Amino acid sequence: MPVRVRFAPSPTGFLHIGGVRTALFNWLFARNADGEFLLRIENTDRGREVEQSVEQIQRSLSWLGLDWDGEVAFQLDRLERHQEAARALVGEGKAYEDEGAIRFRMPDEGTTSWDDVIKGRIEFPNEKLEDVVLLRSDGRPTYNFASPLDDAEDAITHVIRGDDHVSNTPKQIRILEALGAPLPAYAHVPIVLGTDGRRLSKRHGAVSVEEFRAEGYLPEALMNYLALLGWSYDDRTELFPRDELVRVFTLDRVGAAPATFDYSKLEHLNGVYLRALPPEDYAHRLFAYLRETGFEGDEETVRAAAPLVQEKIARLGEFPSFAGFLFEPVAPDPVLLDGSAPVLAEARETLAGVDPFTAEQIEAELRSLAERLELKPRQAFQPIRLAVTGSTISPGLFESIELLGRDETLARLSAASGPGSPPDAS
RNA sequence: GGCGCAUUCGUCUAGGGGCCUAGGACGCCGCCCUCUCACGGCGGUAACACGGGUUCGAAUCCCGUAUGCGCCUCCA
């Protein structure tokens with residue numbers, strides 16, 4: 001029997017990073033087995049439905065490269081079949097009417113159990129299973145009825161979902177049995193916690209895929225990180241390109257304990273992916289990202305600056321604060337510039353005569369200038385960096401100067417060394 | 001409260017009776033490289049929740065306790 005899994009979010013908001021990980025595990029499992037990955041929207045609670053969320057969910061999955069098979073399904077579209085099934089159960093005495101709603105008759109004795117692919121054997125005493133509502137009085141099915149029914153109809157072989165569904169599972173198993181439907185395998189993946197040890201929520205900084213995207217994370221890095229949250233291949237391998245992940249992923253290596261989301265590790269991994277990009281790709285993706293976020297620098301300069309920042313930043317979103325000086329005027333802190341006027345004036349003079357105006361030539365001449373002035377390289381270069389880039393942190397100084405161009409560089413040096421700059425120039 | 005699940009460095013994890021004086025990664029600290037920041041290199045800090053068993057031997061098996069999380073909705 002071919003593997004068939006589904007990701008079944010409710011359209012109650014954006015795709016949360018914990019949900020994405022569940023989707024990822026489903027997708028990896030399906031692709032690894034050459035099976036199918038379906039997307040089903042569980043919208044039986046119309047009241048909580050959030051507009052645009054279905055589009056957003058699809059956009060987030062697509063961005064991450066989690067492609068689904070077939071059309072997106074909507075639970076409510078199968079309303080008739082749900083009602084039919086409920087009526088049949090009532091007819092067989094397995095369910096009964098209760099003030100307009102239909103309830104399922106759960107067994108009172110014995111236990112219901114299954115071998116969870118991730119958590120092992122789980123057993124529930126039947127006396128704890130209440131008679132769940134199948135159909136609300138308005139005729140709409142509830143989640144615990146619609147979900148297993150749809151799974152059966154879609155021939156889902158493995159239900160891979162968050163472990164907050166563990167206690168629903170025995171109920172769904174009983175319903176499926178009453179329906180005479182085959183049981184899928186269940187794999188309950190632990191939830192993702194925020195840094196405060198609580199379930200990840202909006203309190204924890206970025207949690208939606210869109211936010212990570214906006215901050216300049218690469219989808220492949222996020223995927224790699226998410227895969228490592230609760231799953232591991234061995235005791236040392238951490239870098240998994242997408243295809244490799246698909247090849248080696250197995251459910252039995254998913255851990256049973258909840259994991260805490262670690263932003264700094266994600267950032268580290270993102271930096272690794274960013275640095276590994278071929279320079280052309282890097283420039284291209286950097287520019288595409290900046291455009292998306294509304295940054296208005298010209299493409300030529302962005303592309304030229306790309307190699308200067310590739311080794312330096314871990315998120316594309318750091319670009320503006322790091323290389324923004326190439327696109328807009330700077331305002332260096334006069335206090336930090338105090339006493340630097342002489343060096344800056346000398347540098348200005350030197351740079352006025354550098355020819356050709358290349359990083360290599362600029363470096364050579366500024367170094368000899370430092371020597372002449374008997375200054376250590378950093379003593380000479382730091383004020384220049386400040387004057388030219390407006391910050392004590394910047395890409396390589398000489399490359400930056402070359403890119404900025406001679407005129408602008410000289411102007412900035414003048415401005416920083418000119419009268420009125422140092423408060424106590426007299 | 002009931003039921004369920006979980007519990008190895010701060011975090012993600014390796015580990016499935018002797019290979020563990022517990023390995024890797026992120027973070028953190030120090031040193032080196034160095035025009036700043038990063039990268040890179042080297043070194044360091046740091047964990048088997050607790051208590052009982054089982055066994056010649058337990059991080060690994062069993063029981064209990066504690067703690068955390070989840071569910072207990074005509075939510076999903």
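Model, not experiment: these values are computed from the prediction. In what follows, every chain begins at residue 1, and chains take the letters A, B, ... in the order their sequences are listed.
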Which nucleotide sits closest to the side chain of [X]: [options]?
{"X": "V133(A)", "options": "rC35(B), rC74(B), rC39(B)", "value": "rC74(B)"}
{"X": "T260(A)", "options": "rC26(B), rU11(B), rG70(B)", "value": "rU11(B)"}
{"X": "I191(A)", "options": "rG40(B), rG27(B), rG70(B)", "value": "rG70(B)"}
{"X": "N168(A)", "options": "rA76(B), rG23(B), rC35(B)", "value": "rA76(B)"}
{"X": "R275(A)", "options": "rG10(B), rG40(B), rA14(B)", "value": "rG40(B)"}
{"X": "E238(A)", "options": "rU11(B), rG24(B), rC35(B)", "value": "rG24(B)"}

Looking for any heavy atom pair under 4.0 Å, which part of the strands does [X] touch: base, sugar-phosphate only, or nothing?
{"X": "A256(A)", "result": "sugar-phosphate"}
{"X": "E363(A)", "result": "nothing"}
{"X": "E42(A)", "result": "sugar-phosphate"}
{"X": "H188(A)", "result": "nothing"}
{"X": "G396(A)", "result": "base"}
{"X": "R253(A)", "result": "sugar-phosphate"}
{"X": "I122(A)", "result": "sugar-phosphate"}
{"X": "R103(A)", "result": "sugar-phosphate"}
{"X": "R136(A)", "result": "base"}

For [N], give the paired nucleotide (Watson-Crick: N1-N3 plus N6-O4 or O6-N4; G-U: N1-O2 and O6-N3; both under 3.5 Å), or none.
{"N": "rC56(B)", "answer": "rG18(B)"}
{"N": "rU73(B)", "answer": "none"}
{"N": "rG43(B)", "answer": "rC29(B)"}
{"N": "rC37(B)", "answer": "none"}
{"N": "rU67(B)", "answer": "rA6(B)"}

[atom1] atoms of [N] and [M], separation to the nearest Å:
{"N": "rC12(B)", "M": "rU7(B)", "atom1": "C1'", "answer": "15 Å"}
{"N": "rC3(B)", "M": "rU11(B)", "atom1": "C1'", "answer": "30 Å"}
{"N": "rG27(B)", "M": "rC9(B)", "atom1": "C1'", "answer": "11 Å"}
{"N": "rC33(B)", "M": "rC42(B)", "atom1": "C1'", "answer": "11 Å"}
{"N": "rU55(B)", "M": "rG1(B)", "atom1": "C1'", "answer": "39 Å"}
{"N": "rG4(B)", "M": "rU8(B)", "atom1": "C1'", "answer": "23 Å"}
{"N": "rA46(B)", "M": "rC5(B)", "atom1": "P", "answer": "36 Å"}
{"N": "rA59(B)", "M": "rG17(B)", "atom1": "P", "answer": "13 Å"}

Please report the distance, rounded to the nearest Å, between [atom1] in [X] and [atom2] in [N].
{"X": "L228(A)", "N": "rG24(B)", "atom1": "CG", "atom2": "P", "answer": "16 Å"}
{"X": "N126(A)", "N": "rG2(B)", "atom1": "CG", "atom2": "P", "answer": "20 Å"}
{"X": "H268(A)", "N": "rG24(B)", "atom1": "NE2", "atom2": "C1'", "answer": "12 Å"}
{"X": "I41(A)", "N": "rA76(B)", "atom1": "CD1", "atom2": "C1'", "answer": "12 Å"}
{"X": "I118(A)", "N": "rG70(B)", "atom1": "CD1", "atom2": "P", "answer": "18 Å"}
{"X": "L229(A)", "N": "rC12(B)", "atom1": "CG", "atom2": "C1'", "answer": "7 Å"}
{"X": "K265(A)", "N": "rC26(B)", "atom1": "NZ", "atom2": "C1'", "answer": "5 Å"}
{"X": "I393(A)", "N": "rC35(B)", "atom1": "CD1", "atom2": "P", "answer": "17 Å"}

| said: To the closest 0.5 Å, what do you measure between CG (D45(A)) and CZ (R136(A))? | reply: 5.5 Å
I'd like to know if the side chain of [X] and the backbone of [Y] have a donor-acceptor N/O pair within less than 3.5 Å.
{"X": "K94(A)", "Y": "L89(A)", "value": "no"}
{"X": "D138(A)", "Y": "R140(A)", "value": "yes"}
{"X": "D98(A)", "Y": "A101(A)", "value": "no"}

| said: Which label fits F261(A) and F212(A): parallel for a plane angle under 30°, tilted from 30 to 60°, or perpendicular past 60°? | reply: tilted
| Would you say the side chain of V54(A) lies within less than 4.5 Å of the side chain of I57(A), judging by non-hydrogen atoms? | no
| request: Would you mind telling me which residue lines up with the more 5' stretch of RNA chain B, K119(A) or K128(A), judged by nearest nucleotide? | output: K128(A)
| First encountered from the 5' end of RNA chain B, between Y225(A) and R385(A) | Y225(A)
OP1 or OP2 of [N] under 4.0 Å from side-chain N/O of [X]:
{"X": "S391(A)", "N": "rC37(B)", "value": "no"}
{"X": "T142(A)", "N": "rC74(B)", "value": "no"}
{"X": "S167(A)", "N": "rG70(B)", "value": "no"}
{"X": "R378(A)", "N": "rU34(B)", "value": "no"}

| query | Does a distance-only test, which skips hydrogens and angles, find a donor-acceptor pair under 3.5 Å between the side chain of S137(A) and the base of rC74(B)? | reply | yes
| message | Whether the side chain of D163(A) and the base of rA6(B) hold a donor-acceptor pair under 3.5 Å is what I'd like checked. | response | no
| task | Give me the one residue out of W231(A), F29(A), Y233(A) that meets ring-ring contact (aromatic ring centres under 6.0 Å, His included) with F249(A). | result | W231(A)
| query | Would one find more than 12 heavy atoms of other residues, nucleotides or ligands at under 6.0 Å from atom CD of E55(A)? | reply | yes
